[in-house]
Amino acid sequence: NAGVTQTPKFRVLKTGQSMTLLCAQDMNHEYMYWYRQDPGMGLRLIHYSVGEGTTAKGEVPDGYNVSRLKKQNFLLGLESAAPSQTSVYFCASSWSGTSGETQYFGPGTRLLVL
Amino acid sequence: KQEVTQIPAALSVPEGENLVLNCSFTDSAIYNLQWFRQDPGKGLTSLLLIQSSQREQTSGRLNASLDKSSGRSTLYIAASQPGDSATYLCAVPRSNDYKLSFGAGTTVTVRA
């Protein structure tokens, strides 16, 4: 079991460039999440999905888009990167939306936008 | 809106000393609270989850307490070791769902 994996591990972009972050999980989880982590601010939810083919906005969705075409994959897209999107991005997954359930996290993607 | 605060932001202790990490939240109507560990350059690993009906939860050298009425949780790590050096984050669900509100974390350094 690989758990939750993220690709790439690190990326440098220029302002205005686009890119897609890939998250994959092999635990057959229904729910998947994208967070960003910034110094001194904790993790903030960007978008999430409650099942294949569904997506929903989280706390800080502006400038990002997501897709969940396959149950095991959750993609996060930046159409026109901005320096404010420099951050560490974490993907997570869970069996269901029960609040008492643990989310499993990937190792993160470090993104630097110049 | 649920606000989660962790103080201090950083902590350095000699090996063997007990660690006390604090987490406070503004909305006491929580369903549970989780403590996570984050190693440098790595993702988060869940350590303990305390249900709202529980006062504390234990796992090995770790003990987490929860006082809903005062909006506080404390993570105790007994007899700290250099391997305990990491950032510890607490998180609570925003309401009755799965979306978590995280604290900024406490970075712990245990000196050998």
Side-chain angles (χ1 to χ4, degrees), chain A residues 2-10 21 23-25 27 29-51 54-61 87-111, chain B residues 1-10 21-27 29-54 57 59 64 66 68 86-107:
Chain A
V4 180
T5 58
Q6 293 183 232
T7 308
K9 288 185 172 53
F10 177 70
L21 282 66
C23 174
Q25 53 93 5
M27 297 174 282
H29 286 172
E30 290 291 337
Y31 287 63
M32 296 187 75
Y33 318 81
W34 276 107
Y35 293 91
R36 60 177 289 172
Q37 184 178 35
D38 300 296
M41 297 189 70
L43 278 75
R44 292 179 292 169
L45 184 65
I46 305 171
H47 285 282
Y48 63 98
S49 168
V50 301
T54 75
T55 63
K57 294 180 179 180
E59 184 183 0
V60 288
S87 187
V88 182
Y89 293 86
F90 288 100
C91 176
S93 69
S94 63
W95 277 108
S96 69
T98 305
S99 63
E101 188 183 325
T102 296
Q103 294 180 17
Y104 295 84
F105 283 79
T109 294
R110 294 182 177 275
L111 177 65
Chain B
K1 180 183 177 185
Q2 180 72 270
E3 301 284 348
V4 183
T5 304
Q6 292 185 249
I7 296 173
L21 308 179
N22 299 304
C23 172
S24 61
F25 44 92
T26 53
D27 185 350
I30 62 170
Y31 285 75
N32 60 65
L33 183 143
Q34 293 190 53
W35 282 94
F36 291 87
R37 170 182 171 140
Q38 183 178 23
D39 292 289
K42 301 286 181 63
L44 279 68
T45 302
S46 179
L47 295 174
L48 291 168
L49 186 152
I50 314 176
Q51 299 293 351
S52 61
S53 58
Q54 296 177 302
Q57 185 73 264
S59 176
L66 176 63
K68 278 182 57 178
T87 297
Y88 294 84
L89 298 96
C90 65
V92 295
R94 292 173 185 274
S95 58
N96 61 343
D97 62 17
Y98 38 83
K99 296 188 284 289
L100 297 175
S101 290
F102 282 85
T106 295
T107 298

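Letters A, B, ... are given to chains in the order of the sequence lines, protein chains preceding strands, and every chain is numbered from 1.
Atom OH of A:Tyr104 is separated from atom OG1 of B:Thr45 by 10.5 Å, given to the nearest 0.5 angstrom.
For B:Leu89, the part lying near chain A is the side chain, with the backbone staying farther off; criterion is any non-hydrogen pair under 4.5 Å. The contact between A:Gln37 and chain B is made entirely by side chain atoms (from C-beta outward), counting heavy-atom distances below 4.5 Å.
Of all heavy-atom pairs spanning B:Gln38 and A:Phe90, the tightest one is NE2-CZ, 3.2 Å.
Residues meeting the salt bridge (charged side-chain N to carboxylate O under 4.0 Å, His left out) test with A:Glu30, sequence neighbours left out: A:Lys71. B:Phe36 pairs by the ring-ring contact (aromatic ring centres under 6.0 Å, His included) definition with A:Phe105, B:Phe102, not counting sequence neighbours.
Shown here is A:Arg110, whose CZ atom has no more than 12 heavy atoms of other residues, nucleotides or ligands within 6.0 Å. The local environment of CE in A:Met27 is crowded, with over 12 non-hydrogen atoms from other residues, nucleotides or ligands closer than 6.0 Å.
Between B:Gln34 and A:Gln103, every side-chain heavy-atom pair lies at or beyond the 4.5 Å cut-off. Proximity of B:Leu100 to A:Tyr33: side-chain heavy atoms (C-beta onward) are nowhere separated by under 4.5 Å.
Among A:Gly40, A:Gly108, A:Gly42, the residue making the largest number of heavy-atom pairs under 4.5 Å with chain B is A:Gly42. Each of A:Ala92, A:Gly58, A:Pro107 has some count of heavy-atom pairs under 4.5 Å with chain B, and the biggest count is that of A:Pro107.
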